[in-house]
Every structure is written in structure tokens, then in C-alpha cells.
K.L.:
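Take this structure, written in C-alpha cells, and hold onto it; I'll ask about it next.
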Amino acid sequence: MKVAPKFLIYRNSRIMASERYNPRDAEPRWQAEWNEREIFKTDNDDPRDKYYVLEMFPYPSGRIHMGHVRNYAMGDVVARYKRARGYNVLHPMGWDAFGMPAENAAMQNKIHPKEWTYANIATMRGQLKSMGLSLDWSREFATCDVEYYQRQQSLFLDFLDKGLVYRKQSKVNWDPVDQTVLANEQVIDGRGWRSGALVEQRELTQWFFKITDFSQDLLDSLDELDQWPEKVRLMQKNWIGRSEGLTLRWETVGNELPEEFRDVTVYTTRPDTLFGASFLAIAADHPLAKYVAASNPAVADFAEECRRAGTSLAALETAEKKGMDTGVKVRHPFDSSWEIPVYIANFVLMDYGTGAIFGCPSGDQRDLDFARKYDLPVVPVVMPEGGDAASFTVGDTAYDGDGVMINSRFLDGKSTTDAFQEVADRLSATLLGGKPQAERKVNFRLRDWGISRQRYWGCPIPVIHCDECGVVPVPKKDLPVQLPDDINFDKPGNPLDRHPTWRNVKCPHCGKDARRETDTMDTFVDSSWYFARFTAPHADEPVITATADAWLPVDQYIGGIEHAILHLLYSRFFTRAMRETGHVNLKEPFKGLFTQGMVVHETYKLDDGANGTWVQPSEIRLEETDGVRRAFLAESGQEVTIGSIEKMSKSKKNVVDPDDIIASYGADTARFFMLSDSPPERDVIWTEAGVEAAHRFVQRIWRLVSEAAPALRGVKAAPAESGEALPVSQAAHKALLAVANDYDRLGFNKAVARVYELVNALAAPLTKAANEKVDEAYASALREATQILVQLFAPIMPHLAEECWKEIGCTGLISDAPWPAYLESLVVENTVTLPVQVNGKKRGELTIARDASQSDVEAAVLALDFVTSALAGATPKKIVVVPQRIVNVVV
RNA sequence: GCGGGCGUGGCGAAACUGGUAGACGCAAGGGACUUAAAAUCCCUCGGCCUUGGCUGUACGGGUUCGACCCCCGUCGCCCGCACCA
């Protein structure tokens, strides 16, 4: 980042009464002071009310980015504000340190994942420290620390013991060339990102957490999370996907199929549409599909094609809907002469329901597209209320709403709800092969959590495979199962798998030769309980129950919206599982949740089009002539294209390094800018002009405060209740009330606007105090107002606040100072100004006593000239008076 | 494809959740100070016509005394989709 040199010169010589504020001097000085006095170290035994504020811990990718600055600045404001409000605040930091990038770095740069990770942590810790965050660093840990993952293995064993862990077959993306499992993001257009080989799906036996044991509870408890964004609760609700339906068995036609295929079970939420059924669709992995494939090469080929589509749901559903007739037919449950074909379809998932559906084309768009493609009948069975049964048809759009049944024999005329019940009742009472043909069933979309990863850089799953005893848990006394250091990534595949000795172990049960599990855990496991570990980070047990119970839930959790579903749902599950295993006594880990927006930046491209190259903002010079902005390379002057505003990413090079910003402007400026202007839940656009303006404001505050300081130092701080200084005190106390309210709601941008307003209000008084003699009452009020101002911005710009605090003669650290109390008499107004509308349009104003009665207001309004002229002698139809708000005269 | 969200001046936004649309800031323009520049200070700033008014919160409808806010529909952009973290 290149900055105009004048910004970098902080002169030592005195200019007028003060010098420029120099963050490069002040910030390290105050950080050292805080550190020395250990004021951010949290005592678990402190008797005050607790407040736990946590930001999602970072992945140690190398350097912090602006998104981190924004996230941690928000958390720090909350922490500092709550500390001032008298809480015992826990505000810890750690590292989400396992994961793929370390392995990729190992392959590309021949560096050990551990070395790479800890080096990154060291760099990023330094960067975070330069931000002046009020963190308790004594609680820091990384999830790749043996001390941490040992406890995670211990939790795993407890879960296993409790029946919350099991193994089953599950599919993975397999790269046949690299002989390795690929993450979804490593599969690009169906091919491995490194090898380019067509990706296959393979079945592996993998470990799962039984999150589905808690489906209903995870859903129900969302109602209690009233300090979560509504959208996140809704997303989780949809993800869990509770539905009420019917499992329904369809008898297959003919006797040539084996016993197990005498019927096919489907799950449906729309049994009412049964008479619109025109096909059954089963997943490529359905047992019947496999059976047919064994003797039918075309079906086998098609099933294989489906398997190549990748494991991601998005890929599956975006793909063209395809199917293939298996030749098998089934009988309609209400008419044994009605035969319906069974297709294999690429959009039916074995994981959901029973892996088989019946298709009703008139009532489901996907089924309709499918039916049109394969020329299957489309019979409308539901029409909207009030429709005409004779003329209602379905063309290109299915009708999936509620309504009235048609073309459905005994259901005709019934509502969809009644038809559902009727079908369920009848088929539950019908026997097929000695069992009811249908059963009511609550189904969840939520699947169990597969945690097996065939990778090195993760927490080893602590079990042993013995030929005699099967799967044997590692005894707790043998923990940790430590990752071996002597590995390399010369060959594809999992280094643990091919390690010469690590796998070899004696069976803890029978003592014979056995093998270690070489799968490691999904990194989401690591982040599912770190918030609990922070409460007692050095304990022998995963958590100290009483301590965890005292600190949890996290009062305010702050992080990106991208974690709205998985991380938060897994953490909610984990807390429940830890409760079942006796580690904690609560089930919801996060009381308050806040999802912040991204940091975005303009992009710059040299040579337009496909082969253009992206250019970093630091290499750019911007010009504006006649309202047109143009960008040039600073070095050569060559013009570059200004592209769209996008999330900061390395690939688009539209990144700004926080280190550069902090070095040029200081941490306070960076923090202030990240919190000002944009509401925290929305994306914020990083602009040079914005940072510079923030920095100017920092300087402005310092100049005003330091110039007036000599006049303020000697006087006692006291608000003015009357006289010349009254407006000064009123402005300060009104701002105090408003900013506290803003901080309580995480409205940082609004708090910043209030701080601007207060500075504007105090600018003239401060300048006056700096330049001329003011009386003591005035100076006292001004000092009190200035102290309030400094306290208001202290959570955002703590270093500048400490500097100002000291300058105006306050003792102690502002980081330790209690939040000031506002005076009621200084914030209430005696009169109110009401806008007056005529027929809903504003025509003027009325200033009247605050406590004026409704009839007083009406009388005063009717006397206003613009009202009398609008009325022209007539009586108003109505006068709407909203107290303290508005008056509307309806003519 | 499914799920979720967002859309207000040239720009970031505010509007106490149905009550003055545009607070506060950025950018721009004008002025003061200065030998000059920077910094600083003052003024203007949604659009259209004439002081006063008309119009305006993505677009089209609706409810209401009153709609950025609630309802229905349309368009555009963003995020998630279970092995990225």
C-alpha cells in the first residue's frame, strides 16, 4: 500500500499548540501498558456478572485480511463496552488450525503442514496484537495443538461409548489418477483439480456422528434463540427440513423379481396426489436399481453416469434431469390394474427418505419436466380453490399449491388436507404382504454428520482395527493418538495410510497385531467445542463442567454468514452430545449471534477480456475528471479497467493488507473505518478515500482535544444544568444515551455517526477553550462532555482514547474506566416539534409543549394558517394525532 | 435446481420497525486563510420547474388518514447446498 508521503510524516516539532497524533508511537505504548497491567486477563473466579463475547476464530492461512479486522473490531467493541458496563468479560482467541490448505502448501512448497501452520499463526498473532484487541491471550490455543486434539479424541470416545458415533458406507469423490479423495471444491466440472481425471464416486466405510438423534430438538430449540438473526434460524429450519408424510409400498408387477423386490417403498409428503402418479423414480444406488443394473448394461451405464455427477447437491440439482426406465412396473395402491413404470432418476437421492419417490407431474415442476421429457401422462389432480374442474389443465407449469381434488375418484371435491388424511387412513388399513401398505412418517432432511477424512492434517480418530476384535476404541490412558511428524507428500494419498510404522499397534483388547484408524476428523469437529475449551483452556479434562456451565452460553458470537448452517448446527449438536456425556449442562452454545458482512473492494484489470491480468489496488492511481473515474498503473501510467466490486480475494487481487494500513494510519483508523458507514451485517466497501477520511477524523479529534486540554486539565468535570454551557452538556448526554443504545444493538455505524455529531457540537466550544479564557463552570462542563466523548469512542479507537484521556488530566486507564451515566434532565426536551400533514402530505410544523394534550394539539393545528387555508372553512373529516410524532389533518 | 438474503442521492448510509425520506460520512462544487500547496474553517449538494410547488426509496399493483417499512407479482445482484474454512 502506497500512501501519500505527507500522511507518513508525524512531525516532532510543535506546530501551534499541538502536534499531530502519531499512532506509531501511541499504539505500541498503550498496548504495552495494557499488557503489563494484564487488564484483559479474565479471572474465572471474578464474582461480577459474566459476559462471554467471541468472534469466530480464524484459519491460519498466512496473514490476516480485512474481513478479520472487521470481525475482530466488532467483537472488541462489544468486549470493551461490556467491560466498561461492569461485566466480567471473557474475550479469547485461538486458531482453527487443521485443514486442507496446510496439505496443499506441503505439496506445493515442500513444507511440513505443522511448520507452515505454526509459522502462519506466529505471523497472524503479531498482526492481531497490533490491532490492540482486548483479548485474554493467556487462553490462546490452536486446534492442532496436541493438548487440544487429545481432549477432542477423549470426547470422541465418550460419544462412541454413548452410541453417538457409528460407521457406515458413504460416498466420496475419488480421483483415480491421484488415488485420493477429493473435497467438493476440488472437483471442477466433474474432474479432479490437480489431475484433470474424471472423478468417480466410491463407497467407503466412514465415521458418522448421530446428529439426527437430535433433529427434533435442534429444530424446536430454534424458537428459543431469540437473539439470533431470523434468517439464520430459518435457514437452519429448512436445513433440518422436517416433513410429515407417508411411507408407501407399491407392489411390483410379475413374479420374476426376488422376494425383497415384491414391493418398492417410497416416501411422500403429498399422498393426496396419488391419482396423479405417472411414474416411480428411484436413486441410482437403490437396491432395485443395482439389481436391474446387474442384468441390464444400459441401466448399469446410466447408474454409472449418475455416480460420476459428483457428491454435491448443487451439482446434482443443476444438472439436466435424466432418467431411464428399468422395465419394472408397479401397481397403483388403489387400482391393481393400473401399472406404473419405475425409472432410475439422477435427481433422486438414496440419502433422503427411502431413495424412491412417486412422480406426480401435475403437482411438481421437476416431475412435470421429467414427464414431458419421457412422454409420461400428466393428470391434474389439484386445482386452486374456485377453479373449474372441467377446464383446468397443466401446461408447462405444475400447480403445487393447496386446493381442491379433481380426477381422483373418491377424493374428488375434497381439500388437499382432507385427501391427505383419507389416503393415509385407507392405506394404513390396507394390508400388503401382511403389513399395512402405508404408515404416517415424520421425515427429516438432515443427515448424519460424516466426519471421516482421508487426510493427514487433522485430528486422528482414536480407534484401532483388529482382525479378531473388530473396531476397538483407543483406551483413554493411551491418548493422545498423536500425528507422526515424519511424513511426506511425495506420493498421492493419505500419508498416514502409507506410513511405515505409525499404523502398527497392538490391539488393546487381545494384544495381537492390529492397525490404527488412518482417517482424521472433519475440521468442523475442531470448531464445534473450542468455545467451551476457552473457559478452561489448560484443564486435563476437555472442559471443567462447573466452569463451562458458568461461562456458557457465549453471550455474543460474531462471524460470517457463510457459517449460518453447518458450523452453527454442528456446534449445537456437539453441545448436546457433551451434555449427554456429562461434560456440560446446557444445550445451546450461543445465546446471541451476529453475522457480519464481507469486506469488498473494486477490482482492476489490465487488458480487458479473458486474458487480462488483475492488478492490486496498491499499484493503482485513481483520477476523477468531470465525474468519470479512471484508474492507472502508478508505475507506468498505463490505464487499467475499473471492474466490479467483489469480495476481497487473492485471485482477483483486490486485497488490502491490514499490516500496510496499520503501518500507515494506525490500528484505530483501520478499526474505525471498518465500523463506520456500513451497517455491520452488510458488506462494506474498502476505499482509499474512506480510510483517509477516517484518519483525518482521528487527527481532528486529537487536535481539538489536545488544544483545549490545558484549559480542561485543572478543572473538575461537572455537567452544566443551565447557563452558557447547557447545550454542551445536553449534546454530550444525548449522545451518551444514543451511543449506549447503538452499542447494545451492535449498531456500530450509528454509534460512529453520533460520535461525529458530538465532535461537531464540541468543536466550537473546544476551540473557544483553547483560544480564550473561559469561566470555570464552562470549563467543567466542557471537560465532562469531552470525557464522555472520549469514552464513547474508546471501544472503537482505544489507543486514541487512552491518549486523550491522559491529555485532559484523567487518571488511570480508560480501558478500566466505568461507563458514564447520563442525566435524565439533560436529555429530555420541554417542547416537541410535530410535522403537520394535510391528507398525508407534510405542509408545515407545530412546536408545542411536550405534555400538551391531544385536544391542545388539535386546537393548535386548526389555528395554523396553512391548515385553515386547506380547510377553507370546512370541518376536517378526521385529525390523526400520534403523540410526540405527527399530526395528519384529513380534509 | 432448492433454500436464504439484499435493492434508498454521484457513493456508503439513516429513518426510533407504519408517522417530516436522505441524519452522519465520502466524493464534488464555491468561498476564507496562505507567496503557493497541504491541512484547517465556512457555504451548496436527490431530480424537475420560478420564491413556492411537483416528484422521488429497483419495477408494477394493493392495504392504510399515512408505506422505504405490511401484502401480491416482476426484475437484478449476493450467499449456502453437507469433504473449503
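These numbers were taken from a predicted model, which means no experiment stands behind them. Atom set for the values below is all heavy atoms of this structure, side chains included, hydrogens, waters and symmetry mates excluded.
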K.L.:
Are Leu218(A) and Leu222(A) close enough that some pair of their side-chain heavy atoms sits under 4.5 Å apart?
P.N.:
no
K.L.:
Which whole-number value in Å describes the distance from Arg233(A) CZ to rG4(B) P?
P.N.:
15 Å
K.L.:
Between rU64(B) atom P and Asn839(A) atom CG, what is the distance in whole Å?
P.N.:
15 Å
K.L.:
Which residues satisfy the salt bridge (charged side-chain N to carboxylate O under 4.0 Å, His left out) test with Arg191(A), sequence neighbours excluded?
P.N.:
none
K.L.:
Could you tabulate the donor-acceptor pairs under 3.5 Å formed by side-chain atoms of residues 675-684 of chain A, not counting sequence neighbours?
P.N.:
from      : atom 1 : to        : atom 2 : distance (Å)
Ser676(A) : OG     : Phe672(A) : O      : 3.2
Ser676(A) : OG     : Phe673(A) : O      : 3.2
Asp683(A) : OD1    : Met598(A) : N      : 2.8

K.L.:
Whether Glu829(A) and Lys734(A) form a salt bridge (side-chain N of Lys/Arg under 4.0 Å from carboxylate O of Asp/Glu) is what I want to check.
P.N.:
yes
K.L.:
List the residues meeting salt bridge (charged side-chain N to carboxylate O under 4.0 Å, His left out) with Glu185(A), not counting sequence neighbours, and say none if there are none.
P.N.:
none
K.L.:
Which protein N or O atoms sit under 3.5 Å from an N or O of nucleotides 14-22 of chain B?
P.N.:
from    : atom 1 : to        : atom 2 : distance (Å)
rA14(B) : OP1    : Asn749(A) : ND2    : 3.1
rA15(B) : OP1    : Lys750(A) : NZ     : 2.9
rC16(B) : N3     : Arg885(A) : NH2    : 3.0
rC16(B) : N4     : Arg885(A) : NE     : 3.1
rU20(B) : O2     : Lys842(A) : NZ     : 2.7

K.L.:
Could you go step by step and tell me if Ile701(A) and Tyr21(A) meet the side-chain contact (heavy atoms from CB on, under 4.5 Å) rule?
P.N.:
CA-CA 9 Å; Ile701(A) 290 176; Tyr21(A) 174 66; over 6 Å; no
K.L.:
Between Ile357(A) and Phe347(A), is the side-chain contact (heavy atoms from CB on, under 4.5 Å) condition met? List the steps.
P.N.:
CA-CA 10 Å; Ile357(A) 61 155; Phe347(A) 57 87; 4.2 Å; yes
K.L.:
Quick one: pull up CH2 in Trp95(A) and OG in Ser61(A) and give me the separation to the nearest 0.5 Å.
P.N.:
9.5 Å
K.L.:
Expressed in whole Å, how much space separates the P atoms belonging to rA58(B) and rG9(B)?
P.N.:
8 Å
K.L.:
What distance separates Met521(A) CE from Asp526(A) CG, expressed to the nearest 0.5 Å?
P.N.:
8.0 Å
K.L.:
Enter the distance from Ile451(A):CD1 to Ile461(A):CD1 here, rounded to the nearest 0.5 Å.
P.N.:
4.5 Å
K.L.:
Would you list the protein and nucleotides 52-58 of chain B atom pairs, both N or O, that sit under 3.5 Å from each other?
P.N.:
from    : atom 1 : to        : atom 2 : distance (Å)
rU55(B) : OP2    : Lys841(A) : NZ     : 3.0

K.L.:
Dot-bracket notation for RNA chain B is requested: 5' to 3', Watson-Crick or G-U wobble pairs only, both distances under 3.5 Å, with ( ), [ ], | and . as defined.
P.N.:
(((((((..(((......[....))).(((((.......))))).((((..))))..(((((..]....))))))))))))....
K.L.:
Classify the glycosidic conformation of rU17(B) as syn or anti, calling it syn when the angle lies within 90° of 0.
P.N.:
syn
K.L.:
What pairs of donor and acceptor atoms, side-chain ones from residues 755-762 of chain A against any protein atom, are under 3.5 angstrom apart with sequence neighbours left out?
P.N.:
from      : atom 1 : to        : atom 2 : distance (Å)
Asn760(A) : OD1    : Arg700(A) : NH1    : 3.0
Asn760(A) : ND2    : Tyr756(A) : O      : 3.4

K.L.:
Just the table, please: protein N/O against nucleotides 40-45 of chain B N/O, every pair under 3.5 Å.
P.N.:
from    : atom 1 : to        : atom 2 : distance (Å)
rC41(B) : OP1    : Arg700(A) : NE     : 3.0

K.L.:
Below 3.5 Å between N/O atoms, which protein atoms pair up with nucleotides 67-73 of chain B? Just atom names and distances, please.
P.N.:
none

K.L.:
Got a second to check how far Tyr59(A)'s OH is from Thr523(A)'s OG1, nearest 0.5 Å?
P.N.:
8.5 Å
K.L.:
Is Glu55(A) reaching over with its side chain to a backbone N or O of Tyr557(A), donor-acceptor style, under 3.5 angstrom?
P.N.:
no
K.L.:
Take atom P in rC71(B) and the same atom in rU63(B), then report the distance between them in whole Å.
P.N.:
15 Å
K.L.:
Roughly how many Å is it from NZ in Lys237(A) to P in rG5(B), rounded to a whole number?
P.N.:
12 Å
K.L.:
Using the P atom as the reference point in each nucleotide, state the distance between rU20(B) and rU57(B) in Å, no decimals.
P.N.:
15 Å
K.L.:
For Thr831(A), give me all partners under side-chain hydrogen bond (donor to acceptor under 3.5 Å, both in side chains), at least two apart in sequence or on another chain.
P.N.:
none
K.L.:
From Trp174(A) CH2 over to Gln454(A) CD, what is the distance, rounded to the nearest 0.5 angstrom?
P.N.:
8.0 Å
K.L.:
Mind running side-chain hydrogen bond (donor to acceptor under 3.5 Å, both in side chains) on Trp449(A) and Asp522(A) for me, showing each step along the way?
P.N.:
CA-CA 9 Å; Trp449(A) 175 12; Asp522(A) 178 7; 3.0 Å; yes
K.L.:
What integer number of Å spans the C1' atoms of rC11(B) and rG73(B)?
P.N.:
31 Å
K.L.:
Just say parallel, tilted or perpendicular for the rings of His567(A) and His563(A), cut-offs at 30° and 60°.
P.N.:
perpendicular
K.L.:
In whole Å, I'd like the distance from the NZ atom of Lys231(A) to the C1' atom of rG3(B).
P.N.:
13 Å
K.L.:
Starting from P on rU64(B), measure out to NZ on Lys878(A) and report it in whole angstrom.
P.N.:
10 Å
K.L.:
Encode nucleotides 74-85 of chain B as B, S and - characters from 5' to 3', where the letter depends on protein heavy atoms closer than 4.0 Å: B to the base, S only to sugar-phosphate, - to neither.
P.N.:
-------BBBBB
K.L.:
Map Ser676(A) and Ala693(A) onto RNA chain B by nearest heavy atom, then report which one ends up closer to the 5' terminus.
P.N.:
Ser676(A)
K.L.:
Using the P atom on both, measure rG18(B) against rU50(B) and round to a whole Å.
P.N.:
40 Å
K.L.:
Pick one: which of Phe574(A), Phe573(A), Tyr570(A) meets ring pair (Phe, Tyr, Trp, His ring centres under 6.0 Å) with Phe524(A)?
P.N.:
Tyr570(A)
K.L.:
Syn or anti for rG9(B)? Use the chi torsion, O4'-C1'-N9-C4 for purines and O4'-C1'-N1-C2 for pyrimidines, with syn inside 90° of 0.
P.N.:
syn
K.L.:
Round to the nearest Å and state the distance from Leu758(A) atom CG to rA23(B) atom C1'.
P.N.:
15 Å
K.L.:
To the nearest 0.5 Å, tell me how far Arg445(A) CZ sits from Leu313(A) CG.
P.N.:
6.5 Å
K.L.:
Using the C1' atom as the reference point in each nucleotide, state the distance between rA23(B) and rC16(B) in Å, no decimals.
P.N.:
12 Å
K.L.:
For Arg455(A), enumerate each residue passing the salt bridge (charged side-chain N to carboxylate O under 4.0 Å, His left out) test, keeping only those at least two apart in sequence or located in another chain.
P.N.:
none
K.L.:
In whole angstrom, give the distance that lies between atom CG of Asp369(A) and atom C1' of rC2(B).
P.N.:
14 Å
K.L.:
Tell me the interatomic distance from His695(A), atom NE2, to rA38(B), atom C1', rounded to whole angstroms.
P.N.:
14 Å
K.L.:
Can you tell me how far P in rC2(B) sits from the matching atom in rU74(B), rounded to whole Å?
P.N.:
13 Å
K.L.:
With rounding to whole Å, what would you report as the distance between rU35(B) and rG30(B) at their C1' atoms?
P.N.:
23 Å
